[in-house]
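Structure first, then comments.
Residue numbers run from 1 in the order of the sequence given. Atom set for the values below is all heavy atoms of this structure, side chains included, hydrogens, waters and symmetry mates excluded.
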Amino acid sequence: MMPSAQDPFYVVKEEIQESIDKLQSSFHQWERISSNGGQQLQLTKELLATCGSIEWQVDELDKAISVAARDPSFYGIDEVELEKRRRWTSTARAQVGAVKKAVEAGKESTGTSAAGMRRELMRLANSQETDRSNQYAAHHNDDFITSESDRQLLLIKQQDEELDELSASVERIGGVGLTIHEELLAQDKIVEELGMEMDSTSNRLDFVQKKVATVMKKAGVKGQIMMILFLVVLFIILFVLVFLT
């Protein structure tokens, strides 16, 4: 896991690195100043004070690393990251120590030594640049892995959304099918009731027809004529009542 850019370690690291860069710039200026001048004495005090301040900051950063090493997962880092941080603090302490040693020794007594110290600082600086390059490469690789992981998560999320939509469509279709089934059952019940009603009506009609046939047979020809006349008169009365009143 790549630590966040807002990780307190990297915030403090940048501040310390800026202080180290300024320290080295002041040290090179200190080398160029005459050893008998008051300016070099003042700069020497400033360099030693700066070295002490930076060493204290690096020590505090080492303590923070030790705390994180007790439970790396809690801080979102691993052993590789812890080792990388330890190497950086070790390099930073060596850079400050080299400057401090050269300043304390004095320019006159360590003219050759100062040149050696300069070479040592350059070596440490190159080492630090290499470490930065490796860190950038690791960061680039981690970014690529993170990008691929984010893309896979996005594809999975899109598939989940499509499955949810498909599930909702199936549920809607199922609901429509259930409604159609219930409607068919209701229609079938209505048709069945209508058939039963028609059978009942047909039976009653047959019964009435049989009764009428029986009555007509008993009444004879004269009775049938009287019945027809009665029905005609009844029809005329009904017609008058309905259409003429």
Side-chain angles (χ1 to χ4, degrees), residues 1-25 53-97 121-190:
M1 179 183 297
M2 190 67 190
S4 170
Q6 299 300 323
D7 191 318
F9 172 83
Y10 286 100
V11 175
V12 177
K13 173 186 172 182
E14 291 298 326
E15 295 177 356
I16 295 176
Q17 186 60 53
E18 290 179 2
S19 299
I20 292 176
D21 293 340
K22 292 179 181 179
L23 175 67
Q24 291 178 344
S25 177
S53 176
I54 295 175
E55 286 177 339
W56 178 82
Q57 294 180 52
V58 173
D59 289 341
E60 291 299 314
L61 202 57
D62 264 336
K63 293 178 182 179
I65 294 173
S66 298
V67 172
R70 298 173 186 171
D71 188 6
S73 60
F74 178 79
Y75 297 94
I77 58 179
D78 53 22
E79 291 297 333
V80 176
E81 178 64 21
L82 285 171
E83 182 60 28
K84 185 187 301 182
R85 297 184 181 190
R86 293 190 185 100
R87 285 200 307 271
W88 186 87
T89 56
S90 177
T91 301
R93 186 177 285 104
Q95 288 178 306
V96 176
L121 288 172
M122 291 180 63
R123 184 188 68 79
L124 291 172
N126 292 334
S127 174
Q128 188 174 17
E129 288 297 326
T130 302
D131 185 67
R132 287 181 181 176
S133 300
N134 293 336
Q135 182 178 353
Y136 174 78
H139 178 72
H140 179 72
N141 292 335
D142 288 343
D143 286 344
F144 176 76
I145 294 173
T146 302
S147 176
E148 287 295 319
S149 178
D150 290 342
R151 188 173 66 177
Q152 293 294 330
L153 291 175
L154 180 60
L155 290 175
I156 293 174
K157 183 178 180 181
Q158 291 176 347
Q159 291 176 354
D160 289 340
E161 291 176 353
E162 292 175 356
L163 289 175
D164 291 339
E165 292 178 358
L166 180 60
S167 177
S169 299
V170 172
E171 289 180 358
R172 287 195 297 269
I173 294 174
V176 172
L178 182 61
T179 302
I180 293 174
H181 177 69
E182 293 176 351
E183 186 66 24
L184 289 175
L185 291 177
Q187 293 292 336
D188 184 63
K189 184 177 181 180
I190 293 173

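Looking at heavy atoms from C-beta onward, R93 lies in side-chain contact with D62 at the 4.5 angstrom threshold. Here the side chains of E60 and W56 are in contact, with some heavy-atom distance below 4.5 Å. For the pair E79 and L82, the minimum side-chain heavy-atom distance is below 4.5 Å. Looking at T89 and I65, their side chains come closer than 4.5 Å, going by heavy atoms from C-beta outward. Taking the side chain as every heavy atom from C-beta outward, T179 and E183 never approach each other to under 4.5 Å.
K189 meets the salt bridge (charged side-chain N to carboxylate O under 4.0 Å, His left out) test with no other residue; sequence neighbours excluded. Applying the salt bridge (charged side-chain N to carboxylate O under 4.0 Å, His left out) rule to E15 yields no partners; only residues at least two apart in sequence or on another chain are considered.
Note that CD of Q24 is 11.5 Å distant from OG of S19, once rounded to the nearest 0.5 Å.
In terms of modelled atom types and a separation under 3.5 Å, the side chain of S25 and the main chain of D21 share no donor-acceptor contact.
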Check residues 69-77 and write down every donor-acceptor pair under 3.5 Å in which the side-chain atom is one partner and the other belongs to a residue at least two apart or another chain.
from: D71; atom 1: OD1; to: S73; atom 2: OG; distance (Å): 3.0

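Using a 4.0 Å cut-off between charged side-chain N and carboxylate O, E81 and R85 make a salt bridge.
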